[in-house]
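Structure, as structure tokens:
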Number of protein chains: 2
Amino acid sequence: MIKVAVVDDHEMVRKGIISYLVTEPEIDVVGEAKSGNEAIKLVLEKRPEVVLMDLLMEDGNGIEATREILQHEPNCKIIIITSFYDDEQVFPAIEAGAFSYMLKTATADEVVRAIRKAVAGEPIIEPKVANRMMNRLRKQEKKPHHDLTERELEVLMCIGEGMNNQEISAELFIGIKTVKTHVSNILSKLDVADRTQAAVYANRNGVIKTNKH
Amino acid sequence: MIKVAVVDDHEMVRKGIISYLVTEPEIDVVGEAKSGNEAIKLVLEKRPEVVLMDLLMEDGNGIEATREILQHEPNCKIIIITSFYDDEQVFPAIEAGAFSYMLKTATADEVVRAIRKAVAGEPIIEPKVANRMMNRLRKQEKKPHHDLTERELEVLMCIGEGMNNQEISAELFIGIKTVKTHVSNILSKLDVADRTQAAVYANRNGVIKTNKH
DNA sequence: TTTTTTCTCCGTCTCAAGACGGAGGAAGCT
DNA sequence: AGCTTCCTCCGTCTTGAGACGGAGAAAAAA
């Protein structure tokens with residue numbers, strides 16, 4: 001019997017997954033959790049071999065939970081099942097030690113197969129996600145803005161909010177000349193032409209956290 | 001018996017909803033669909049009283065499907081169940097004639113209650129969504145960029161991509177002076193100070209469609 | 001200790017941005 | 001026929017943006 005735990009803040013999703021996992025003879029659903037913290041407790045208690053984990057949850061995220069769980073149970077296979085495949089979700093999850101990465105569009109068969117593969121030591125990566133991973137490896141390994149200094153990142157966030165140099169200087173308690181220096185460095189590091197493009201970059205690449213969902 | 005149809009592109013979500021709807025004696029799940037087009041066919045065939053509809057689906061969206069369905073079956077109650085409550089999702093859905101609006105964080109009880117209420121003619125609106133509706137009604141009834149002209153909207157999209165006036169003039173085959181005129185009008189209509197803030201606005205308020213799922 | 005990185009600031013210079021006002025033509029509405 | 005809206009373009013003028021080069025101080029790495 002493979003012991004499986006289901007973590008998702010949506011009751012309907014948990015019930016959906018469980019409803020067809022219970023029909024599998026070799027799979028035993030040992031518990032469910034609706035948050036990262038609950039998941040950690042659940043895993044320490046029931047010690048499942050496999051955890052199906054949603055990334056986007058109300059309290060904190062599934063990424064921290066994944067990291068935490070693997071710290072205590074390194075052999076636990078965590079399968080991410082989420083709706084998104086943008087870079088800001090995928091890569092932190094992989095880094096945190098997630099074993100497989102699937103989308104919620106997956107069918108019942110695919111989920112069951114992923115669980116069996118996980119126990120056998122074979123990860124399953126969603127094709128669309130795999131594509132992104134290839135691109136990342138091919139292109140640059142990391143986002144351009146990763147070689148910005150702390151201060152430059154702060155300035156970039158201000159630019160991303162639409163501030164001008166005057167406002168940024170007031171916000172960060174530095175001179176306008178200094179702001180200009182930072183801006184110039186940011187533009188050349190991000191390889192963009194002006195602050196407008198930098199603002200677009202910031203808003204599209206997760207430098208600014210928008211509060212959707 | 002209340003005839004209910006379930007529309008969602010995620011199999012696990014459909015199964016999850018159905019798994020506890022079938023335990024309700026008065027509810028009869030007459031079918032499920034995984035896309036907008038399937039949903040329309042399904043409704044025309046089975047004529048359910050209530051449709052549980054996801055908004056974000058792979059083929060087209062649930063909003064068009066909602067509109068289409070109500071054109072043929074005006075008495076059908078469509079309950080939106082989705083993960084998001086941002087303006088770009090909610091208001092088009094309401095305008096399309098959705099009856100209730102719930103989030104996927106809803107519990108089994110809440111869904112069942114929403115179905116019964118729908119049949120009785122009472123809509124259920126998720127509190128967080130209701131808040132946004134109140135704000136919309138109080139503040140402005142519609143987004144500032146809704147009174148931009150066609151041409152101004154095109155220019156705004158260019159700004160949102162980070163183009164400068166020169167590039168916009170080449171893109172739209174108009175003079176730079178004309179671009180400047182449009183930009184000035186856009187800035188005053190959106191009530192922002194410069195093109196950078198306009199670009200931020202465009203990227204945050206759905207003027208630019210990003211390809212995240 | 002020396003070297004490198006980072007943050008800070010200065011002056012100069014060029015140019016795109018944007019405000020302001022004016023204007024002609026086309027299309028649609030009353 | 002008038003009126004309004006929209007798109008187009010013009011000139012002028014002010015100012016913020018950004019490039020370029022230089023530089024001092026502090027902190028971290030070598």
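We name chains A, B, ... by the order of the sequence lines, and we start the count at 1 in each one.
Nearest to the side-chain atoms of S184(B) among the listed nucleotides dT8(C), dA19(C), dC7(D) stands dA19(C). In the set dA19(C), dC10(C), dT8(D), dA19(C) carries the atom at the smallest distance from any side-chain atom of L187(B). Comparing dC7(D), dC9(C), dC7(C) by their nearest atom to the side chain of E150(A) picks out dC7(C).
Of the side-chain N and O atoms in K177(B), one or more sit less than 4.0 angstrom from OP1 or OP2 of dG11(D). Not one side-chain nitrogen or oxygen of H182(A) sits closer than 4.0 Å to the OP1 or OP2 atom of dC7(C). For dA16(C), neither phosphate oxygen OP1 nor OP2 lies less than 4.0 angstrom from any side-chain nitrogen or oxygen of N165(B). In this model, the phosphate group of dT5(C) is not approached by any side-chain N or O of T149(A) to a distance below 4.0 Å at OP1 or OP2. Not one side-chain nitrogen or oxygen of T178(A) sits closer than 4.0 Å to the OP1 or OP2 atom of dC7(C).
Mapping Q166(A) and I176(B) onto DNA chain D by nearest heavy atom places I176(B) closer to the 5' end of the strand.
Without hydrogens or angle criteria, E122(B) side chain to A118(B) main chain gives no donor-acceptor distance under 3.5 Å.
Under 3.5 Å, the side chain of T181(B) and the base of dC7(D) form no donor-acceptor pair of N or O atoms.
Between the side chains of N164(B) and R195(B), no donor-acceptor pair of N or O atoms lies under 3.5 Å.
One finds a salt bridge joining R204(A) and E161(B) here, because a Lys/Arg side-chain nitrogen approaches an Asp/Glu carboxylate oxygen to under 4.0 Å.
Between the P atom of dC6(D) and the CD atom of E154(B) lies a distance of 14 Å, rounded to the nearest Å.
Here the closest non-hydrogen pair linking P48(A) and V30(A) is CB-CG2, 4.0 Å.
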